[in-house]
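Given the structure is predicted, the values throughout are model-derived calculations rather than measurements. Order of the sequence lines fixes the chain letters, A, B, ..., with proteins taken first and strands second; residue numbering starts at 1 for each chain.
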Protein chains: 2
Amino acid sequence: MLSIGKLSGLTGVKVPTIRYYEQIGLLPKPERNEGGQRIYNHTSRERLNFIRHARELGFPLDDIRELLALSDDPDQSCDAIDAIAKRQLAEVEHRLVRLKALHKELERMIVQCTCGTVQTCRVIQVLGDHGLCAADHQKIVSHDIDQ
Amino acid sequence: MLSIGKLSGLTGVKVPTIRYYEQIGLLPKPERNEGGQRIYNHTSRERLNFIRHARELGFPLDDIRELLALSDDPDQSCDAIDAIAKRQLAEVEHRLVRLKALHKELERMIVQCTCGTVQTCRVIQVLGDHGLCAADHQKIVSHDIDQ
DNA sequence: GCTACATCCTCTAGTAACTAGAGGTTCAAG
DNA sequence: CTTGAACCTCTAGTTACTAGAGGATGTAGC
């Protein structure tokens, strides 16, 4: 029998986030006490831990929703689960490649700057003229690198 | 003298995005023709190219706004510019570290799955019990890894 | 029993950087 | 002069939360 604050402390998920997960249907609506405050049990705690861990591994909430649904049916094949995990792995690998290219380019740009005036600043020059770049981030789109 | 569509084609920035940049004050309000449609010049094009390239390198719009302001003052020292670029580099490096840890953990989890039923699925087990993880992503918070 | 004060409640709005769509106007080619 | 592409404004949606207002409830000490 846990208050939302206790559950938060035990799982490391913030109180408003727990309420948010409930709101979007990721966590079932819990019991309430006479005063109308939420009370949780061990099952809620496990489910929330699962969600948190999956978030830590970068799974989007929609995938987590699906993973939770699949995990409720223990006799099914886990192919679908595997597919989601592999998709996430591919996504992470994709981001890694882009981020490495970015890193290289940023570093190159910064190293070349001799820190004089804005007029001769290599950073500004490179940002203004893509031709000064190494070619390897030509096709990066913002979606790949945000956050 | 470019229409918004032409400018979009030349810079690779989508039409609604150009309007959005204008709306948030990143691009100055352009001239209009008699019909009320935007017309751009070479300066707009350079500025938009700069923005695009900075976005490709992962700079947030607020930083780009600052970079643009700084680049308008060619005789100033470029220390401030350098600081922004280095901050961005640090950010990218930080994300790289997290993403690598994530990648390792995801891969480990997937490899261990023997693809039987949900009941024995390693993916579900690991997600449900953080103790089954290698320790190296313990303190990742979602902010580090989103997108 | 009473008083603080922490914790809880709901609701709305804000974040980043766009994207999508509705509903209407203007431009350019044939 | 028509037709269809391109343009216009405005609103709302995306992801995964976070912040804050304004008020109710729970709990510890006296």
Looking at every non-hydrogen atom in both residues, tell me the closest pair between [X] and [Y] and how far apart they are.
X	Y	result
B/L70	B/I84	CD1-CD1, 4.0 Å
B/Q88	B/P60	OE1-CD, 3.9 Å
B/L106	A/A85	CD2-O, 4.5 Å

Nucleotide [N], atom [atom2] - distance to [atom1] of [X] in whole Å:
X	N	atom1	atom2	value
B/I18	C/dA20	CD1	P	15 Å
B/Y20	C/dA20	OH	P	15 Å
A/M1	D/dG26	CE	C1'	18 Å
B/F59	C/dC18	CZ	C1'	20 Å
B/I39	D/dA6	CD1	P	19 Å
A/Q23	C/dT12	CD	P	10 Å
A/I4	D/dT25	CD1	P	17 Å
A/I24	C/dC11	CD1	C1'	17 Å

Of the nucleotides [options], which has the atom closest to the [X] side chain?
X	options	result
A/V15	D/dC8, C/dC8, D/dC17	C/dC8
A/E34	C/dA16, C/dC9, D/dG26	D/dG26
A/Q37	D/dT9, D/dG26, C/dC27	D/dG26
A/R19	D/dA16, C/dT10, C/dC18	C/dT10

Practice task
Indicate yes or no: does A/E105 engage A/R108 in a salt bridge with an N to O separation below 4.0 Å.
Solution key: yes
Determine: side-chain N/O of [X] to OP1/OP2 of [N], distance under 4.0 Å, yes or no.
X	N	value
A/K14	D/dC17	no
B/R55	C/dC18	yes
B/R38	D/dC8	yes
A/Y21	D/dA16	no
A/N33	D/dT25	no
B/T17	C/dT19	yes
A/S3	C/dC8	yes
B/R65	C/dA17	no

Fill in the blank from the handout: Exactly one of B/V13, B/L27, B/L2, B/N41 clears side-chain contact (heavy atoms from CB on, under 4.5 Å) with B/L7, and that residue is B/L2
